[in-house]
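Presented below is the structure to which this report refers.
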Amino acid sequence: MLNVIICGAPGCGKGTQSDLIVNKYQLKHLSTGDLLRKEMADKTELGQIAEGYISKGQLVPDQMIIDILAKNIEAFGNDINGIILDGFPRTVAQAEALESMMAKNNKTINVLVDLSVEKDELIDRLIKRGQTSGRSDDNLETITKRLEVYQTQTAPVSDFYRNLNKYAAIDGMGTIDEIFGRISAVLDSNL
Ligand code: AP5
Ligand code: MG
């Protein structure tokens with residue numbers, strides 16, 4: 001099994017690269033952001049709570065996210081090649097919950113792929129996407145807040161996996177194909 005975390009700042013290319021990884025390695029994709037946006041579109045109670053946080057660029061409370069994730073991982077069953085987690089874990093508390101969930105199921109995370117992209121490029125990509133995405137968080141004010149939240153709450157997750165020797169830093173600047181080549185080299189070495 002190949003279980004991968006893809007992380008990095010808002011707009012670094014997690015979703016874009018996840019699609020390519022899913023295709024090449026036949027993994028199941030789990031994006032907590034996508035799951036929350038689906039709840040919002042369906043106007044569920046959870047979606048309405050999440051909307052308040054997302055539109056302000058804040059993280060949704062840990063326990064809410066851990067519950068959603070556990071439910072969705074279970075639904076995949078055991079007969080899969082692996083999972084790619086996109087946008088989770090986003091806090092050290094989420095990483096700890098993930099590790100105990102995996103251990104309980106005799107599974108393990110192979111590697112965390114950390115995409116690094118310059119701040120100006122992140123903002124350019126998200127502003128551009130905001131012209132068509134309809135995402136309530138793709139505006140300059142919320143993007144700025146998301147970048148701040150990333151630095152204070154999510155960046156420590158990289159250290160958590162660095163300490164477990166499961167960390168790969170990837171240069172996230174360049175063309176989508178160039179970046180995918182760099183990620184593939186790391187994943188191939190974990191097969
Ligand atoms: P989430 O949906 O995870 O958003 P994010 O982390 O802010 O990241 P994005 O989805 O905006 O960017 P991405 O890295 O996927 O980049 P993409 O490939 O789209 O989370 C949203 C919110 O939900 C959070 O703020 C939080 O409130 C909540 N949430 C989610 N998970 C949570 C959790 N675990 N705990 C608590 N709260 C949680 O690329 C961006 C753009 O750039 C695209 O238009 C793309 O086409 C373009 N692009 C991609 N690669 C390149 C390239 N190489 N060159 C040029 N353009 C490129
Ligand atoms: Mg995304």
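When a ligand or atom number is given, it counts from 1 through the structure's own listing order. The figures that follow rest on heavy atoms only: side chains count, while hydrogens, waters and symmetry mates do not.
Looking at atom 40 (C) of ligand 1, its nearest protein heavy atom turns out to be Arg129 NH1, 3.7 Å. Arg90 CD, 3.9 Å is the protein heavy atom nearest to atom 38 (C) of ligand 1. The closest protein non-hydrogen atom to atom 7 (O) of ligand 1 is Arg146 NH2, 2.7 Å. In this structure, the protein non-hydrogen atom closest to atom 37 (N) of ligand 1 is Val60 N, 3.1 Å. Taking atom 15 (O) of ligand 1 as the reference point, the nearest protein heavy-atom neighbour is Gly15 N, 2.9 Å. Distance from atom 8 (O) of ligand 1 to its nearest protein heavy atom, with residue and atom name: Lys14 NZ, 3.1 Å. Atom 4 (O) of ligand 1 has as its closest protein heavy atom Arg135 NH2, 3.2 Å. For atom 39 (O) of ligand 1, the closest non-hydrogen atom on the protein side is Thr16 OG1, 3.7 Å.
A donor-acceptor contact closer than 3.5 angstrom is absent between the side chains of Lys38 and Thr44. Residues Lys28 and Asn3 bring no donor and acceptor atom of their side chains to less than 3.5 Å of each other. Inspection of the Asn190 and Tyr25 side chains reveals no N or O donor paired with an N or O acceptor under 3.5 Å.
Contacts between Gln17 and ligand 1, counted as non-hydrogen atom pairs separated by less than 4.0 Å, are absent for every part of the residue. Proximity of Val149 to ligand 1, defined as any heavy-atom pair under 4.0 Å, is not found for any part of the residue. Using a 4.0 Å cut-off between heavy atoms, Leu36 contacts ligand 1 through its side chain alone, with no backbone atom that close. Counting heavy atoms closer than 4.0 Å to ligand 1, residue Ile65 contributes side-chain atoms (C-beta onward) but none from N, CA, C or O. In Thr91, neither the side chain nor the backbone holds a heavy atom less than 4.0 Å from any atom of ligand 1. The residue Lys128 has no part lying near ligand 1, judged by heavy-atom distances below 4.0 Å.
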Original post:
Would Lys166 and Thr108 count as a side-chain hydrogen bond (donor to acceptor under 3.5 Å, both in side chains) if you check the C-alpha gap in whole Å, the side-chain angles of each, and the deciding distance to 0.1 Å?
Top reply: CA-CA 10 Å; Lys166 294 179 174 182; Thr108 184; 2.9 Å; yes
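By the 6.0 Å contact criterion, OH on Tyr53 is open, its count of non-hydrogen atoms from other residues, nucleotides or ligands being 12 or less. Shown here is Gln26, whose CD atom has more than 12 heavy atoms of other residues, nucleotides or ligands within 6.0 Å. Atom CG of Asp42 sits in a crowded spot, with more than 12 heavy atoms from other residues, nucleotides or ligands closer than 6.0 Å.
Of the listed residues (Glu51, Arg125, Gln94), the one carrying the non-hydrogen atom nearest atom 50 (N) of ligand 1 is Arg125.
Using a 4.0 Å cut-off between a side-chain N of Lys or Arg and a carboxylate O of Asp or Glu, Glu141 and Lys145 do not qualify as a salt bridge.
Against a heavy-atom cut-off of under 4.0 Å, Gln58 is close to the following atoms of ligand 1: 26 (C), 27 (O).
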